[in-house]
Each structure stands twice: as C-alpha cells, then as structure tokens.
Number of protein chains: 2
Amino acid sequence: MHLTLQQLRIFEAVARNLSFTRASEELYLTQPAISIQVKRLEENAGHPLFEQVGKKLFLTGAGEEMLKACRDVLGRLDDLDNALQDQHQQVRGPLTISAVTTSKYFMPHLLGPFLREYPEVEPRLNVTNRAKVLVRLKDNMDDLVIMGQVPEGLDLSYHPFINNSLVVVAAPDHPLARESQPIALERMTQERFLIREEGSGTRSAVDRLFAAQGLRINPYMELGSEEAIKQGAMAGIGVSVISSLSFRLEMTAGLLAVLNVEGFPLIRPWHCVYPKGKRLSRTGQVFQEFLLSRGAELLGASHFSV
Amino acid sequence: MHLTLQQLRIFEAVARNLSFTRASEELYLTQPAISIQVKRLEENAGHPLFEQVGKKLFLTGAGEEMLKACRDVLGRLDDLDNALQDQHQQVRGPLTISAVTTSKYFMPHLLGPFLREYPEVEPRLNVTNRAKVLVRLKDNMDDLVIMGQVPEGLDLSYHPFINNSLVVVAAPDHPLARESQPIALERMTQERFLIREEGSGTRSAVDRLFAAQGLRINPYMELGSEEAIKQGAMAGIGVSVISSLSFRLEMTAGLLAVLNVEGFPLIRPWHCVYPKGKRLSRTGQVFQEFLLSRGAELLGASHFSV
DNA sequence: ATAGAGCATAAACAAAAGTTAATGGATTTC
DNA sequence: GAAATCCATTAACTTTTGTTTATGCTCTAT
C-alpha cells in the first residue's frame with residue numbers, strides 16, 4: 001500500500017480542523033471514511049499522526065511533518081493546474097522559430113506587431129540557411145519553421161501565408177535594364193548569374209523555370225549571402241534572381257534595376273511548417289493564425305498576398 | 001478522474017528516458033501499461049505531454065510543466081519518507097518538559113548528561129508551580145511532565161524514576177537541632193511551620209502523615225517559594241518540611257539543620273507523566289528510559305534510588 | 001446518571017486503478 | 001522489401017482504493 005492524494009487531502013482537512021467529524025462535513029464524506037483513510041495513511045507512514053487526549057485531537061511530531069509535506073504537495077499540484085490552465089488561455093512564454101535567410105527582410109515586420117499584441121511571448125528567431133533549417137525541422141527543435149519550398153519525404157504540416165516574388169536584378173546601367181519588351185529566357189542564358197549555394201530554394205526554383213524550356217542559367221559566381229549577391233549585381237559583375245522583399249532600399253536609391261524577364265516575377269509562397277507529430281503550443285498556434293490571417297496585410301504590398 | 005502518484009512516477013520515468021519502452025523496463029511494467037497511464041495523465045491534464053516526431057519523443061510545453069511539478073512532488077515525498085525514518089531512529093528535535101518547582105534542583109543534573117549524549121535534541125524545560133503544571137498536563141502541552149504526586153481522575157501514564165526525601169529543617173541553633181533521640185510527631189505540633197500554598201505536593205504529604213496519628217501541624221506562615229521558606233527557617237522564624245534535594249548548599253554552609261523527627265525522611269517518588277492518549281515521540285521515549293534507568297545513579301546518593 | 005458527541009472497527013459493496021496479452025500502425029534499420 | 005522496434009489500442013482481468021451502514025467505546029456536558 002502507498003499513500004494516495006485523496007489520503008493527503010483528507011489528512012490535511014483533519015489536521016486543519018483538528019476534528020474527524022468537521023473534516024467529514026467539509027469533504028462531504030462520512031466520519032468512518034475519514035477515520036479509515038487516516039488510519040491507512042498512518043500505516044503507510046509507520047507513525048501515528050494524531051493523538052487524542054480526552055476529546056481533543058493533537059498532531060504528533062510525525063503528523064506535523066506529514067502536514068508540511070501535504071501542504072507542499074497539494075499546493076504544488078494546484079500551481080500545476082494553474083499553469084496548465086494558462087496554457088489553454090494565455091498566449092505567453094517561449095516561441096522558437098527558425099527561418100530561411102531571405103525571410104529576415106520580412107519576419108521582423110510580422111513578429112513585431114505580434115509581440116506588441118502579445119507582450120508576454122518570449123520569441124527566439126533563428127535565421128539561417130536552408131540546410132540548417134532543415135536539420136532543425138527534422139530534429140523538432142522549433143515551434144515553427146518559416147521557409148519557401150517545403151521538402152518532400154517528411155511528414156510535415158505546412159501552410160502558405162505570404163507570397164514571395166522573385167525577380168531578376170542588374171546594375172541600373174546594364175544594357176537590359178532599359179529594355180521595355182519582355183526579355184526571352186533564352187536571352188538570359190547568355191548573362192552571367194550570381195547565385196546562392198546548392199540547396200537554396202531560390203536556386204531550385206530558377207533552375208526549374210529554365211529547365212521547363214530546356215535551358216539552364218550560366219552560373220558565374222556562387223556567393224554565400226544575399227548581401228554579397230546584391231553588392232555584386234550593383235557592381236555590374238552579373239545578374240541575379242533575388243526576392244523582391246530584400247532590396248527595397250537599393251531600388252529606392254537607384255542602385256539596382258529589375259529586369260523585365262519572361263516568366264518573372266516568379267511567385268513562390270512562404271510557408272510556416274512543423275512536423276505532423278508535433279503538438280503545437282497555444283502560443284505557436286496563435287502565431288500561425290496571425291501569420292495566415294494578417295501576414296499579407298502587414299507587409300502591405302499586393303504582391304505579398306496569397 | 002484525477003492524477004495519481006503512480007502516474008507521476010511513470011510519467012517522470014518516460015520523460016527522463018524519452019522512451020516508453022525504456023521506462024517500462026526500468027519500472028518492470030509492460031509498455032502498454034506505460035502508454036495507458038501516460039494517456040490518462042494527459043486526459044487529466046487536458047494537454048498532450050509528449051510529441052512524437054518519427055521515432056523520437058519530445059516533451060511539449062505542458063509536459064515540461066508537468067515534469068517540473070512531478071520532480072517537486074516526488075522529491076518532497078522522498079524528503080517526507082526520510083523525515084519519518086529519522087523519527088524512528090534519530091533522537092533529535094524538540095523535547096518539551098514541564099516540571100514542578102522543586103525539581104529545578106535536580107532536573108538540570110539529569111537533562112545535562114542527556115543532552116550531552118543526544119546533542120540534537122532541542123529541550124524546553126518549563127519549571128512552575130503544581131497548579132500550572134496540571135493545566136499543561138490536561139491540555140497535552142508537553143511531551144513529559146515531572147511531578148511528585150500524580151493526580152487522580154485523569155487518564156495518565158506515569159513512571160517513578162527517583163525518590164524525593166522530605167525532611168524537617170530548622171536553624172542550627174534551634175533547641176531541637178541538638179536532639180539525638182527521634183522527636184515525636186506530637187512534639188512537632190507545638191512548632192511553628194513555614195509552608196507552601198494549598199495544593200503543594202509536599203504540603204499534602206505532610207498533612208497526611210500527621211493526620212494518620214490524629215495530629216495536624218501548626219501553620220504559622222504561608223510562603224510562595226522554596227527560597228523564601230529556606231530563608232525563613234535559617235532566620236529562626238519556624239521549621240519547615242522541604243525536599244532534601246533543595247538545600248545542599250545551606251547544609252554544607254552550616255546554615256540549616258535537619259531535625260531527627262519520627263516518620264522522616266518522608267520518601268515520595270518523582271514521576272514522569274503524560275496523558276495515556278499521547279503518542280510519545282521517540283525523543284520523549286528515549287528521555288523517559290534515560291530517567292528510569294539512570295536518574296538515580298546520576299544524582300548519586302542512595303536516598304535518590306527508587 | 002444519562003444523553004450527546006466524537007472516533008474506531010467490521011462488513012459489504014462499488015468504483016477506480018493498474019496490469020497483461022494480443023494486435024496493429026508507423027518508422028527505422030539492414 | 002523485410003525485419004525489428006516503438007507506441008497506441010482493445011479487451012479482459014486483478015488489485016486497490018474508497019465509501020457507506022451498522023455499531024460500539026469513550027469522554028464530556030448537563
């Protein structure tokens with residue numbers, strides 16, 4: 001036999017009232033029910049917990065120890081109940097997100113308003129390349145993952161929330177920058193392309209677009225970051241395909257030009273993703289709903305819409 | 001349905017191992033037993049506690065909360081077990097004693113050696129008059145009570161442990177102080193007696209001794225303390241009956257003489273007493289055994305023996 | 001001295017807890 | 001592709017927990 005939580009509740013009521021009968025009234029049980037439960041608890045403890053002198057009830061030393069433990073345990077379980085209730089109702093606590101590099105241009109514009117609305121959320125945004133994001137996804141290291149292309153072969157739950165427009169950019173003085181007629185894809189194969197590493201979502205999408213017409217781009221230089229690619233395009237080293245989310249400042253400053261190429265802008269949705277086996281926390285669920293319902297609106301431009 | 005301690009133990013093992021199967025091996029249960037108990041705990045909590053991604057198990061946020069609470073509760077119950085084990089084996093913690101006034105001359109000589117032997121005991125010795133000691137006894141306010149005459153009409157457990165010798169004392173120049181033949185009780189009725197208040201154990205014993213021969217003492221002055229009585233006897237105001245435990249210094253200094261009176265020394269035992277309904281703590285039991293087995297020896301003189 | 005109140009015990013019974021055997025689905029490893 | 005492994009579910013069963021009714025003992029109050 002072991003002690004049970006019901007025994008602890010009963011013992012605590014008796015100890016607080018110093019009366020079996022009062023405790024039975026409080027707990028809506030009969031007095032023999034109280035008596036037998038206290039007896040069982042005493043057997044389990046190996047000590048008497050009460051002493052009776054005349055008609056008065058007292059706690060023994062062991063009873064004092066038991067009462068302290070009781071209050072600690074029952075109080076801790078109350079706290080647990082409250083914490084679990086919070087998890088149904090409150091939007092608070094940690095929210096861990098991994099996002100593919102390009103999303104660093106827009107994720108803060110989504111996360112900021114969300115955190116203002118839910119100030120008790122503790123965000124952790126990890127922006128890294130796609131390969132690392134995939135590892136974290138497989139290892140269930142995040143609440144949500146923000147990525148364009150969702151990998152196949154994994155059991156995932158994914159929802160598109162905004163559209164990503166990929167465009168071809170070049171230096172403003174590039175010859176094709178003034179071309180008003182759409183530039184054939186075939187023409188573009190003659191251009192030097194500045195590109196990201198193998199495995200990049202953007203790279204895959206562009207390769208597929210050209211492959212559909214039996215073409216392939218001319219990779220001139222592989223660069224490790226979006227910034228390096230922009231700098232190279234601005235310097236006239238070559239052209240590139242990048243997300244329209246990521247170079248607004250450079251456009252406004254007249255440092256980059258968008259080329260009018262057939263098939264562009266290449267619209268790819270951004271997804272929020274998590275493993276199907278995952279039980280998303282309430283905070284994670286609310287953030288996902290927030291992305292789906294208000295992401296496009298917050299980012300403002302119509303080409304962000306799903 | 002509520003959660004049970006067994007469910008907490010099972011959940012903690014799964015959470016620590018991150019495996020139902022490992023937990024079942026550790027707890028010598030079947031894997032379906034583990035699975036169903038975790039399921040019941042999740043139902044009770046109203047939240048999933050684990051999420052499974054591929055073959056890997058993870059704790060959810062609610063699971064993390066539950067694990068913290070589990071460790072707290074199970075740890076607290078372990079501490080309780082240890083504290084209760086201590087109460088069987090260790091002699092430590094509070095020991096509250098009330099004692100009638102006269103015992104102040106010998107109780108420290110008993111308590112001192114006991115506390116040296118059991119240094120973790122926390123003693124509380126309350127020395128007061130008999131009436132107050134009786135109130136504390138009835139109200140179960142002490143572990144043990146030290147008194148001479150045990151009251152009737154209460155359901156008490158009492159054990160004699162030393163003898164108290166009551167003798168008649170007078171100033172050294174009192175005429176009867178040089179009398180070598182035993183002094184008849186009748187002769188003493190002509191002496192002025194300095195006495196304690198009504199209800200004093202010593203008073204009762206002396207009254208009974210004289211009443212047995214159809215005599216009664218001549219109360220001259222009622223004094224409120226043992227010290228006052230000794231001072232009065234030394235000053236030649238009258239004679240008194242006091243405990244031989246209480247005037248050693250005055251004897252040695254030649255300030256008081258013991259009269260050789262018929263029927264004296266009047267031997268009365270000292271008892272340690274507690275209500276029969278009381279469950280004496282281990283520390284209280286050990287102290288009582290100490291008094292019974294070594295009290296007389298520690299006080300040295302043969303007339304202390306039971 | 002008697003009635004009332006409070007706790008202890010026994011017997012009987014219902015409900016809950018706990019477990020196993022059998023089995024199936026999904027994932028990982030070979 | 002097959003075997004091994006891990007978790008989920010169902011049905012059946014045992015054990016434990018929990019409670020009530022009936023009753024008795026003891027103590028206190030009147």
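Within every chain, numbering begins at 1; the chains are lettered A, B, ... in the order of the sequence lines, protein sequences first and strands thereafter.
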Enquirer: Leu95(B) and Phe114(B): which non-hydrogen atoms are nearest, and at how many Å?
Expert: CD2-CE2, 4.0 Å
Enquirer: What I want to check is whether an N or O donor and acceptor connect the side chain of Lys39(B) with the base of dT9(D) at under 3.5 Å.
Expert: no
Enquirer: Classify Thr4(A) by what it touches in the nucleic acid, base, sugar-phosphate, or nothing, heavy-atom distance under 4.0 Å.
Expert: sugar-phosphate
Enquirer: Check whether any side-chain N or O of Ser35(A) sits under 3.5 Å from a backbone N or O of Gln31(A) as a donor-acceptor pair, and report yes or no.
Expert: no
Enquirer: State which of dT19(D), dG18(C), dA8(C) makes the closest approach to the side chain of Arg40(A).
Expert: dT19(D)
Enquirer: Quick one: closest heavy-atom pair of Ala99(A) and Met107(A), and the distance?
Expert: CB-CG, 4.4 Å
Enquirer: Could you state the atom-to-atom distance from CD of Gln6(A) to C1' of dT20(D) in whole Å?
Expert: 15 Å
Enquirer: Please report the closest heavy-atom contact between Ala13(B) and Leu27(B), naming both atoms and the distance.
Expert: CB-CD1, 3.9 Å
Enquirer: Starting at NE2 of His2(A) and ending at C1' of dA17(C), how long is that distance when rounded to a whole Å?
Expert: 12 Å
Enquirer: Please check: side-chain N/O of Thr60(B) versus main-chain N/O of Pro48(B), any donor-acceptor pairing under 3.5 Å?
Expert: yes
Enquirer: List the atom of Leu134(A), the atom of Pro151(A), and the distance in Å for their closest heavy-atom pair.
Expert: CD2-CG, 3.4 Å
Enquirer: Give the nucleotide from the list dT19(C), dA21(C), dT9(C) with an atom nearest to the side chain of Pro32(B).
Expert: dA21(C)
Enquirer: Applying a 4.0 Å non-hydrogen cut-off, can you work out what Ile34(A) is touching in the nucleic acid: base, sugar-phosphate, or nothing?
Expert: nothing
Enquirer: In whole angstrom, what separates Lys278(B)'s NZ from dC27(D)'s P?
Expert: 17 Å
Enquirer: For the pair made of CZ in Phe58(B) and C1' in dC7(D), what is the distance, rounded to whole Å?
Expert: 15 Å
Enquirer: What integer distance in Å separates Leu5(B):CG from dA16(C):P?
Expert: 18 Å
Enquirer: To the side chain of Ala33(B), which of dA10(C), dT19(C), dG18(D) is closest?
Expert: dT19(C)
Enquirer: Go through residues 13-27 of chain B and report each residue with a non-hydrogen atom lying under 4.0 Å from DNA chain D, sorted by number.
Expert: Ser19(B), Phe20(B), Thr21(B), Arg22(B)
Enquirer: In whole Å, what is the span from the CG atom of Leu154(A) to the C1' atom of dT28(C)?
Expert: 14 Å
Enquirer: Can you list every pair that meets ring pair (Phe, Tyr, Trp, His ring centres under 6.0 Å) and has a residue in residues 26-48 of chain A, with sequence neighbours left out?
Expert: His47(A)-His88(B)
Enquirer: Identify, between Leu29(A) and Gly54(A), the residue whose nearest nucleotide on DNA chain D lies closer to the 5' end.
Expert: Leu29(A)
Enquirer: If you find the nucleotide of DNA chain D closest to Lys56(A) and the one closest to Tyr28(A), which residue's nucleotide is nearer the 5' end?
Expert: Tyr28(A)
Enquirer: Counting heavy atoms from C-beta on, name the nucleotide in dA22(D), dA8(D), dT19(C) closest to the side chain of Gln31(B).
Expert: dA8(D)
Enquirer: Would you check if the distance from the ring center of Phe161(A) to the ring center of Phe290(A) is below 6.0 Å?
Expert: no
Enquirer: In whole angstrom, give the distance that lies between atom CD1 of Ile10(A) and atom P of dC7(C).
Expert: 14 Å
Enquirer: Could a donor-acceptor pair under 3.5 angstrom be found where the side chain of Lys55(A) meets the base of dA5(C)?
Expert: yes
Enquirer: Calculate the interatomic distance between Gln37(A) atom CD and dT9(C) atom P; express it in whole Å.
Expert: 14 Å
Enquirer: Within the 4.0 Å heavy-atom criterion, would you say Thr30(B) contacts the bases, only the backbone, or no part of the nucleic acid?
Expert: base
